[in-house]
Amino acid sequence: SLADLVKLAGLLLTWLAAWYLGCLFASFMPKKPITTSIANLQGIGRKPVLRAPIPKRQKCDHWSPCSPGNYAYRILSGGGKAKLAKICFEDDLDIPLYCNNLQRFLGGWGVFCLVCVLFTSYCIIDSTEHSGEMVTFIKNAPEGSLLLMVTHDDGSTRLKNDARKLIEELGSKEVWNMKFRSSWAFIAAKGFKLPDNIQKEKINHSDKNNRYGGWPAEIQIEGCIPRNLI
């Protein structure tokens, strides 16, 4: 009917007018706020990505720093043939075990290394072939010394009983348990007592089923020592 055609024409005119006004309105609106608003709407509900800051390196590669007024130490035994043993004290002393020509003692017997720390003086000795020299070295170390000891490959076969006894008197509980190719690390004090709560000694025996196939696996001890003890 004529009335229906008039209504349909009116609806079409109304839709065209609305579409035209919408396009006209959009042409005057800045595009950036619209884009930003859409991005904001899309981001609703997303969890923020938190990135942890890169941790600062601590002395002797500790996970957390020693508090002020403490010395940091870390003793790492050798592992397999190639992974070197290391003794670190306050980052001032960071000794791979093979330094100072100590590799000349590796002829099938390994290395037993001892470092004496006295204030800012350091000394190093190998006892693989010189157990008697190590006994003299410990006895001559001044009172107030820290003695840091570690093995690579085998440090027990040629370690004499008098040396073991002297190390036991320094507080070692494992020196008599050392076997062929045991990994061992120890820190001792001469003339004073170390705190009970620090890590002083660790031992691990060789295992043919480990990743080194019978060579000893590495172990480590680390801690913080109050400066006012020395």
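Here the structure is a predicted model, which means the values were calculated and not measured. These values consider heavy atoms only, across backbone and side chains, with no hydrogens, waters or symmetry-generated copies.
The backbone N or O of Cys66 lies less than 3.5 Å from no partner atom in the side chain of Asn70, so there is not a single donor-acceptor pair. Distance alone, capped at 3.5 Å, places no donor-acceptor pair between the Ser172 side chain and the Ile167 backbone. A donor-acceptor pair is defined here as one N or O able to donate and one able to accept, closer than 3.5 Å; such a pair exists between the side chain of Thr151 and the backbone of Trp184.
Taking CE of Met134 as the reference point, atom CG of Asp162 lies at 8.0 Å (rounded to 0.5 Å). Distance check: Lys160 NZ to Leu166 CG gives 15.5 Å after rounding to the nearest 0.5 Å.
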Q: List the steps and the verdict of side chain to side chain contact (heavy atoms under 4.5 Å, CB included) for Arg164 and Asn161.
A: CA-CA 5 Å; Arg164 292 178 187 263; Asn161 286 343; 4.0 Å; yes
**Q.** Test side chain to side chain contact (heavy atoms under 4.5 Å, CB included) applied to Thr157 and Lys179, step by step
**A.** CA-CA 7 Å; Thr157 301; Lys179 303 174 183 178; over 6 Å; no
Q.
Show, in sequence, the C-alpha distance, side-chain angles and deciding distance for Lys59 and Glu90, and conclude whether the salt bridge (Lys or Arg N to Asp or Glu O under 4.0 Å) test is met.
A. CA-CA 6 Å; Lys59 287 182 178 179; Glu90 273 295 285; 2.8 Å; yes
Q: In sequence, state the C-alpha distance, the side-chain angles, and the governing distance for Val150 and Ile87, and then conclude on side chain to side chain contact (heavy atoms under 4.5 Å, CB included).
A: CA-CA 8 Å; Val150 70; Ile87 292 176; 3.8 Å; yes
Q: Show the numbers, then the answer: is there a side chain to side chain contact (heavy atoms under 4.5 Å, CB included) between Ile75 and Lys86?
A: CA-CA 6 Å; Ile75 307 173; Lys86 292 184 71 175; over 6 Å; no
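Through direct or relayed side-chain contacts under 4.5 Å between Ile, Leu, Val, Met, Phe, Trp and Tyr, Leu76 connects to no other residue.
Residue His62 comes nearest to Tyr73 through the heavy atom pair NE2-O, 2.9 Å, listed as atom of the first residue, atom of the second, then distance. Across Trp176 and Glu168, no two heavy atoms sit closer than the pair NE1-OE1, 3.2 Å.
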Return a table of donor-acceptor pairs under 3.5 angstrom between the side chains of residues 215-223 and protein atoms on other chains or two or more places apart.
| from | atom 1 | to | atom 2 | distance (Å) |
| --- | --- | --- | --- | --- |
| Glu218 | OE1 | Arg211 | NH2 | 3.2 |
| Glu218 | OE1 | Tyr212 | OH | 2.9 |
| Glu218 | OE2 | Arg211 | NH2 | 2.5 |
| Gln220 | OE1 | Arg74 | NE | 3.2 |
| Gln220 | OE1 | Arg74 | NH2 | 2.7 |

Atom pairs and distances, side-chain donor-acceptor, residues 189-198, under 3.5 Å, sequence neighbours left out:
| from | atom 1 | to | atom 2 | distance (Å) |
| --- | --- | --- | --- | --- |
| Lys190 | NZ | Ile138 | O | 2.8 |
| Lys190 | NZ | Lys139 | O | 2.8 |
| Lys190 | NZ | Ala141 | O | 2.7 |
| Lys193 | NZ | Asp196 | OD1 | 2.5 |

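Residues Ile203 and Phe186 fail the side-chain proximity criterion, which asks for heavy atoms closer than 4.5 Å. Proximity of Glu174 to Lys202: side-chain heavy atoms (C-beta onward) are nowhere separated by under 4.5 Å.
Counted by atom type alone, Asp154 and Ser156 present one or more donor-acceptor pairs between their side chains at under 3.5 Å.
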